Structures are given as structure tokens and as C-alpha cells.
Amino acid sequence: MLRLPRFRMEIPATAPEAAAMLRALGAHEEDPATLGTPRLHVMAVAGGTDVYPNMKRRQFTPETLVSLRRALSAEIGVNGEARIGGGATLAAVAEHPGLRARYRALAMAAELVSTPQLRNMGTIGGNLCLDTRCNWYDESLFWRTAEGYCMKTHPSVVCRVATSSPRCLAVASADTVPALIALGAQARVVSEDGERLVPVADLYRDDGMRYLAIRGDEIVTAVLLPKADGWRSTYLKLRDRGSFDFPIVGLAAAVKWDGGRVADARVALTAVASRPILVEAAGAALAGTALEEDAVAAAAEACFKAARPMDNTSGTIAQRKRTVSVFAGRALRELRQGDPS
Ligand SMILES: Cc1cc2nc3c(=O)[nH]c(=O)nc-3n(C[C@H](O)[C@H](O)[C@H](O)COP(=O)(O)OP(=O)(O)OC[C@H]3O[C@@H](n4cnc5c(N)ncnc54)[C@H](O)[C@@H]3O)c2cc1C
């Protein structure tokens with residue numbers, strides 16, 4: 001049995017208090033390059049469904065965890081626009097009637113995350129800030145010690161996926177993120193410096209180690225979705241086991257209809273690079289069309305080109321690239337007007 005290392009737990013009552021605590025304990029100075037080394041002093045934890053397994057495998061061993069469970073709202077409000085508290089569970093997101101009706105890709109993506117037990121604990125904030133994954137990283141300490149570690153925990157070691165890579169190639173693997181990007185969502189982020197809104201598409205960096213564009217003392221307190229009038233959306237996921245598994249390809253598509261023509265469209269991918277990808281060329285190929293077959297094929301080709309899977313999850317590179325274009329075709333056909341789905 002893998003056991004948790006010793007750690008101290010702080011349970012602040014509000015988000016500003018949690019942010020202040022993270023700052024005081026040095027989370028803003030944490031260099032993700034030092035994850036797994038004693039220099040990682042402090043981390044936030046929400047549902048803990050990713051943090052605790054990773055700590056058991058000693059992927060990181062913070063001395064202090066700042067729990068966000070009391071500090072974050074779990075409320076979901078859909079009233080024209082939508083506001084989802086950072087502490088809302090994935091189960092609540094998946095089941096919310098307003099989200100299912102108006103922001104379908106998000107409800108579908110949340111419903112496809114892991115298992116009911118984990119969806120009851122895992123939060124939307126935790127999913128947005130989920131650690132990147134890699135076959136060389138998500139292993140026990142015993143396995144990683146035997147293999148001599150990898151760059152993500154030991155920056156002086158090469159990236160085992162591509163030994164000449166100057167950066168870590170671990171993969172962005174959160175399911176709700178491409179859906180939120182396709183739906184034009186923003187994250188409300190709180191720190192001691194105050195509050196700011198960050199488009200979800202801008203929350204990430206193309207780096208498996210430094211994968212977030214926000215600091216360690218910044219907390220996602222809410223996700224805001226714009227009005228969904230005229231928009232239709234969907235999410236498709238490829239995984240090893242249909243019952244539960246991380247995505248090895250995830251694709252969200254959202255299309256805004258206006259008088260039989262596409263007024264706006266967004267297609268976003270997960271699990272095929274170190275960051276989620278908004279495929280702008282796909283949106284451009286769809287604007288002004290009625291999703292005719294040639295427009296769908298052009299968008300699918302753009303998605304195929306944008307996907308950059310590496311050999312560090314299940315499935316082969318060729319299979320995952322091909323799946324991206326097949327999924328783009330399926331998703332966009334599903335979003336044609338008049339389609340009963
Ligand atoms: C067996 C298994 C299968 C899984 N399958 C999937 C899957 O298919 N798809 C998928 O997307 N995920 C999957 N997960 C991962 C995880 O369950 C979900 O991503 C979940 O949403 C994480 O939320 P959490 O609240 O538990 O995050 P935590 O584990 O508490 O935190 C995750 C990360 O986010 C940070 N964090 C948490 N909340 C905030 C916040 N509000 N602001 C800033 N930082 C924050 C933490 O510091 C940590 O770095 C799986 C996990 C397991 C164990």
C-alpha cells in the first residue's frame with residue numbers, strides 16, 4: 001500500500017485568506033522545476049483526487065497543504081451567463097440542468113472524468129489546475145528511482161520522452177478545459193494582489209513542468225461562461241477503458257448559429273500536447289459556412305495539424321493524431337442545425 005508522506009494541513013475560511021496563506025508560505029516563489037524536491041513547501045488542495053495520489057507516489061511532497069474546501073464556493077448559477085464556484089464538484093457540473101441545456105460540452109466533459117466517487121470529490125478548480133501527466137512521471141517512487149527519474153521531478157535529468165527536448169513534454173489531460181475554452185470561459189483568479197479574470201485559453205503554458213500561467217499563490221475562485229444564445233457544443237473523448245480513464249484525446253467543439261450560417265466557432269483539444277490547444281484555424285474554416293462537408297474537412301485537417309501527441313500516454317502517436325481529425329468531423333456533424341442530438 002502506498003502511504004501519504006507527513007504534511008501539515010491549513011484550512012482557511014475564505015479565498016483571500018487562503019491566498020494570503022499560500023503567499024506567506026512561499027507558494028508564489030515555488031519554481032515548478034523543483035517539484036518533488038524538498039524545496040516545494042506548500043500547495044493548494046481542493047478535492048485532492050490528484051494531489052493525494054501524486055503525494056503517495058512522491059511526485060511532490062509539500063510540507064503544508066492549504067485546503068480550499070471551506071474557502072471556495074460550490075454554487076452554480078445559470079441566468080443568461082453562468083457562474084460556477086471553483087469548489088463545485090464535477091458531479092454537480094455534470095448534473096446541473098442549466099449547464100446540460102446550455103453548455104452541453106462542459107457537462108459532457110465533466111461527466112466523462114474518471115469515476116462517480118472521484119467526480120463527487122474532484123472540483124472544477126482542481127480540474128483547471130490539474131498537473132500534467134506522463135508515463136515517465138505518473139509512476140511509483142520505486143519505479144521512478146529504478147529508472148533514474150525524469151526532467152519533471154529532477155530538472156538535471158533529460159526528458160525521457162524525447163531526450164533532446166529542452167523542456168518537459170508531459171501532457172495536459174484535463175477533460176473540462178477544452179470544453180471551457182470552446183465555450184469562451186474565463187477564470188476568476190484571486191491572490192493577495194486582488195482579483196483578475198483570465199480567459200481559460202490563457203491559463204496554460206506549453207511546458208509540462210511549468211504548465212500553469214498563474215502563480216502558486218493564485219486561486220481559481222470561479223469559472224464564468226458567457227451567454228450561450230445560439231451556441232451548440234459537444235465533447236468527445238478517447239480513453240483506454242470506457243468505464244474510467246484520463247483522455248488520450250479530448251476534443252470540444254462549439255458553434256454559434258445565426259440564420260443558418262455559422263457566426264462563430266471554436267474547436268479545442270486536450271491530451272495531445274503539454275497545453276490545451278485552441279485550434280484557431282478550425283474556427284476560421286467554419287465561420288460563415290453551414291458546416292458543409294468541405295468546411296468540416298478543412299476544420300478536421302486544421303485540428304490534425306495542431307495536435308502534437310508524443311509517445312508518453314496510452315495509444316500511439318498516429319492513432320491519436322488520426323482520432324483528432326475523426327473526432328472533429330463527428331463533433332461538427334453533430335452540431336449541424338436540425339440534428340436531433
Ligand atoms: C483514477 C483517476 C482517474 C482520473 N481520471 C480523470 C479524467 O478522466 N479526466 C480528468 O480531467 N481528470 C481525471 N482525474 C484527475 C482528477 O480527479 C480531476 O482532474 C479532478 O477534477 C481534480 O480536482 P480536485 O479538486 O480533486 O483537484 P486537487 O487534486 O485538489 O488539485 C489538483 C491541482 O489543482 C490545484 N488546485 C486545486 N484547486 C485549485 C483552485 N481552486 N485554484 C488553484 N489551484 C487549484 C492543486 O494545487 C493541484 O495542483 C483522475 C484521477 C484519478 C485518481
Side-chain angles (χ1 to χ4, degrees), residues 104-106 108-109 111-114 130 132-138 159-162 165 167-182 201 204 206 208 211 232-255 262 265-287 289 291-336 339 341:
R104 184 165 168 265
L106 175 61
M108 291 172 80
E111 194 165 27
L112 288 170
V113 173
S114 65
L130 182 67
T132 51
R133 297 182 58 76
C134 179
N135 286 347
W136 289 90
Y137 174 61
D138 293 288
C159 173
R160 301 290 184 156
V161 185
S165 173
R167 66 168 183 90
C168 164
L169 294 168
V171 188
S173 302
D175 276 302
T176 66
V177 172
L180 289 169
I181 292 175
Y204 305 95
D206 195 19
Y211 59 94
R232 303 182 75 191
S233 64
T234 190
Y235 180 68
L236 297 176
K237 170 172 179 174
L238 178 70
R239 51 184 165 178
D240 266 356
R241 293 164 290 189
S243 52
F244 81 98
D245 248 323
F246 281 91
I248 54 176
V249 173
L251 180 143
V255 168
V262 172
R266 294 187 209 103
V267 183
L269 310 174
T270 191
V272 287
S274 291
R275 61 167 298 160
I277 302 170
L278 172 63
V279 188
E280 287 178 358
L286 299 169
T289 73
L291 293 191
E292 298 90 348
E293 271 307 306
D294 56 344
V296 169
E301 178 62 18
C303 292
F304 181 84
K305 281 190 185 146
R308 288 171 284 117
M310 298 298 294
D311 192 13
N312 57 348
T313 68
S314 305
T316 65
I317 293 174
Q319 174 206 14
R320 287 161 64 214
K321 282 269 285 185
R322 171 104 181 92
T323 301
V324 167
S325 63
V326 171
F327 274 10
R330 281 188 199 163
L332 293 167
R333 284 184 204 104
E334 187 186 321
L335 297 180
R336 277 182 184 147
D339 187 300
S341 61

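All heavy atoms count here, side chains included; hydrogens, waters and symmetry mates do not. If you're wondering where the values come from, they're calculated on a predicted model, not measured in any experiment.
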Expected output: side-chain T270 to main-chain P276 donor-acceptor under 3.5 Å: no
Salt bridge flag under 4.0 Å for residues R308 and D206: yes
Distance-minimising heavy-atom pair for R232 and L335: NH1-O, 3.5 Å
V255, T289, T234, V262 screened by side-chain contact (heavy atoms from CB on, under 4.5 Å) with L332, the one that passes: V255
Gap separating the OH atom of Y235 from the CG atom of L112, nearest 0.5 angstrom: 7.0 Å
Closest contact, heavy atoms only, V161 versus C134: CG2-SG, 3.7 Å
Side chains of L286 and V267 in contact at under 4.5 Å (non-hydrogen atoms): yes
Donor-acceptor contact below 3.5 Å, side chain R333 vs main chain V296: no
Check: P309 main-chain N/O paired with K321 side-chain donor or acceptor under 3.5 Å: no
A201 backbone acceptor or donor facing R275 side chain under 3.5 Å: yes
Rounded distance (nearest 0.5 Å) linking atom CG of D245 with atom NZ of K237: 7.5 Å
Polar side-chain atom of R330 near backbone of L236 as donor-acceptor pair, under 3.5 Å: no
Charged tip of R133 within 45° of Y137 ring normal and under 6.0 Å: no
Interatomic spacing from CG in L106 to CD1 in I181 - rounded to 0.5 Å: 12.0 Å
E280, CD: over 12 other non-hydrogen atoms inside 6.0 angstrom: no
Flag, side chain of S325 to backbone of A300, donor-acceptor distance under 3.5 Å: no
T132 side chain vs A170 backbone, donor-acceptor pair below 3.5 Å: no
Test side-chain contact (heavy atoms from CB on, under 4.5 Å) applied to V272 and I248, V249, V171, the passing residue: V249
CZ/R167: more than 12 non-hydrogen atoms of other groups inside 6.0 Å: yes
Inter-residue atom distance Y204.OH - S274.OG, 0.5 Å rounding: 13.5 Å
Nearest-0.5 Å distance, CZ of residue F246 to CG of residue D240: 12.5 Å
Short side-chain to backbone donor-acceptor contact, N312 and L169, under 3.5 Å: yes
From CG (D311) to OG1 (T316), nearest 0.5 Å: 8.0 Å
Ionic contact status for E293 with R336, cut-off 4.0 Å: yes
Closest approach of V324 to L251 (non-hydrogen atoms, all atoms of both residues): O-CD1, 3.7 Å
